[in-house]
Asks: 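Handing you a structure now.
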Amino acid sequence: MSLKYKIPRGTYDILPEDSQFWYKLMNKFRELCRLYNYHEIVTPIFEQADLFERSVGDSSDIVEKEMYKFQDKKGRVFALRPEGTASVVRSFIENNLGRQSSITRVYYSGPMFRYDRPQKGRFRQFYQYGVEHFGSEDPFVDAEVISLANMFLTKLGLKNFRLELNSLGCRDCSPLYDQALVNYYSSLKTDLCPDCQQRLTKNPKRLLDCKVDSCRNYAREAPSILDYLDENCRRDFELVQKYLTDQGIEFIVNPRIVRGLDYYVKTAFEFTTDALGSQNTLCGGGRYDGLVEDLGGDKTPGIGFAGGFERLIEIMKIENIGFNESSEKSIYLVLLGDQARAQAAGILHELRTNGIKVDFDITKTSIKAQMKSADKAMTNYSLIIGDEELARKTVILKDMSTGEQQIIQKKELVSTLIPLVQQ
RNA sequence: GUGGCUGUAGUUCAGUUGGUAGAGCACAGGAUUGUGGCUCCUGGCGUCGUGGGUUCAAGUCCCAUCAGCCACCCCA
């Protein structure tokens, strides 16, 4: 079949057979956020493009080549949101969310958009969950936010993931480290891969992340950010680690993790896995103490993380994790003959009014075909109504697992079914 | 943006040195006319992703394009 219309590249449909799974996954996240006292915030999926350009950083890949940018009819330039934090910070400032208390905790979930080349675990429209915590610089909060992420993954039943932790330094010490990296690498420049030669001027920290063997060797000898943290950053980083240890959360310090968004300072972390191939970050986040101010708000520290639902689902498939099926019993209505079919609407209405879920197939007329459908639908009970039953004002109730059936009075139908369905 | 592999019925795939397509599963109907799950029987005229080209003739060769997968890059 040649299709006239096709789904856009890098997107996918969540089909009816899967939507329950997604719904449950999102609810798990909601539940957990409630436990940590976070409240949901819903922002538009598009914003002024320069909001992202200023927050994410205009030298980042996201802004340079991955944004879905467009103009509206009045020439205003918008972009489909490539990530969630910028929008939340915008809303925080615009609605003065920090006015009620010194701390503001919010969470969100929804579609994000990035014009990337699709591959395993990477889409152009993808769904993220995330939280943002405003108002405290205390490293205790860093550990708290990380704990939420850790709890989410753990509660889902995921096993094979690890927490990698780093400090990027603050706006005072981070540039000193960049300079140290540049100094170290500039004498090696001609030996570096072409990508790394770019990184040297664009984003020196990325040099540490290169996968080319020769560059890796150099990276091993390169100066470490941990040696360049100033007194304050060093102390806070140690405290974050202590608080994590206090909660029994395992982590590894990886001085080479670099986050892709320019606003991060100090604590940066990623939950990664080996199960997903190349796109191995389950979720990631960090501190962004300067961002609110940069975007026009009062000086307000913040920290948050975001993760992709697709990768959770992928790994849950691999680890064979599911949510328990609902134990709700189902009823199938089998109607024989025009007379009985004429009664269908009334019966369906009566059952539904009483909260009983019913299924049936109007396209099938023979009892055999209808019974087959009932069987295929894995129904628990079928109700059979034909001419005989109509005449006697009865209904046949058949238990599909045992094959036993009983004749009940039609007026007692609902009262008979309710206990069966509710158990 | 770069590279590799792939694109045939609803689905998973087969299709030999180019001669206008099949199999499993699924689906539908049936096996003494009001009963499912097992078994058996029957049912496929699909622009062979799309558009060009080579050829008497292309699913099968060539080019382009689109899409998927995987990797680079980057990240969720």
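Naming convention: chains lettered A, B, ... in sequence-line order (proteins, then strands); numbering from 1 in each chain.
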Asks: To the nearest Å, how far apart are I384(A) CD1 and G36(B) P?
Replies: 10 Å
Asks: Checking Q179(A) against N183(A): is there a side-chain donor and acceptor pair closer than 3.5 Å?
Replies: yes
Asks: Does Y129(A) have its ring centroid less than 6.0 Å away from the ring centroid of Y107(A)?
Replies: no
Asks: Starting from the 5' end of RNA chain B, give me the residue, Y115(A) or I385(A), whose nearest nucleotide shows up first.
Replies: Y115(A)
Asks: When the C1' atoms of A31(B) and C69(B) are considered, how many whole Å apart are they?
Replies: 45 Å
Asks: Give a yes or no on whether a salt bridge exists between R54(A) and D294(A), defined as a side-chain N under 4.0 angstrom from a carboxylate O.
Replies: no
Asks: Return the pairing partner of C38(B) with a 3.5 Å limit on both distances, Watson-Crick or G-U wobble; otherwise return none.
Replies: none
Asks: At under 4.0 Å between heavy atoms, which parts of nucleotides 70-76 of chain B does protein reach? Answer with one letter per nucleotide, 5' to 3': B base, S sugar-phosphate only, - none.
Replies: SBBBBBB
Asks: Rounded to the Å, how far apart are Q405(A) CD and G36(B) C1'?
Replies: 11 Å
Asks: Hey, are E389(A) and K410(A) close enough for a salt bridge, meaning a charged N less than 4.0 Å from a carboxylate O?
Replies: no
Asks: E132(A) and Y288(A): side-chain donor and acceptor closer than 3.5 Å?
Replies: yes
Asks: Specify the separation, in whole Å, of atom NZ of K376(A) and atom C1' of C25(B).
Replies: 14 Å
Asks: Could you check which nucleotide pairs with C69(B) in any of the strands shown, counting Watson-Crick or G-U wobble with both distances under 3.5 Å?
Replies: G4(B)
Asks: Is there side-chain contact between F251(A) and T245(A), with at least one heavy-atom pair below 4.5 Å?
Replies: yes
Asks: With a 3.5 Å cut-off and heavy atoms only, can you find an N or O donor on one side and an acceptor on the other between the side chain of Q370(A) and the base of G34(B)?
Replies: no
Asks: Considering just the side-chain nitrogens and oxygens of K364(A), establish if one lies under 4.0 Å of OP1 or OP2 belonging to U35(B).
Replies: no
Asks: Ignoring hydrogens and geometry, is there a side-chain-to-backbone donor-acceptor pair from R311(A) to L282(A) under 3.5 Å?
Replies: no
Asks: Does C74(B) have a Watson-Crick or wobble partner in any strand here, with both distances under 3.5 angstrom, and which is it?
Replies: none
Asks: Kindly say whether the aromatic ring centers of Y127(A) and F309(A) come within a distance under 6.0 Å.
Replies: no
Asks: Do any N or O atoms of the protein come closer than 3.5 Å to N or O atoms of nucleotides 30-32 of chain B, and which pairs are they?
Replies:
none

Asks: Between G15(B) and U8(B), how far is it from one P atom to the other, in whole Å?
Replies: 13 Å
Asks: For G43(B), which nucleotide in any strand shown is its Watson-Crick or wobble partner with both distances under 3.5 Å?
Replies: C27(B)
Asks: Do E47(A) and R90(A) sit within salt-bridge range, that is, some charged N less than 4.0 Å from a carboxylate O?
Replies: yes
Asks: Report the base-pairing partner of G59(B) (Watson-Crick or G-U wobble, both distances below 3.5 angstrom), or none.
Replies: none
Asks: Please classify the nucleic acid contact of M112(A) as base, sugar-phosphate, or nothing, using heavy-atom distances under 4.0 Å.
Replies: nothing
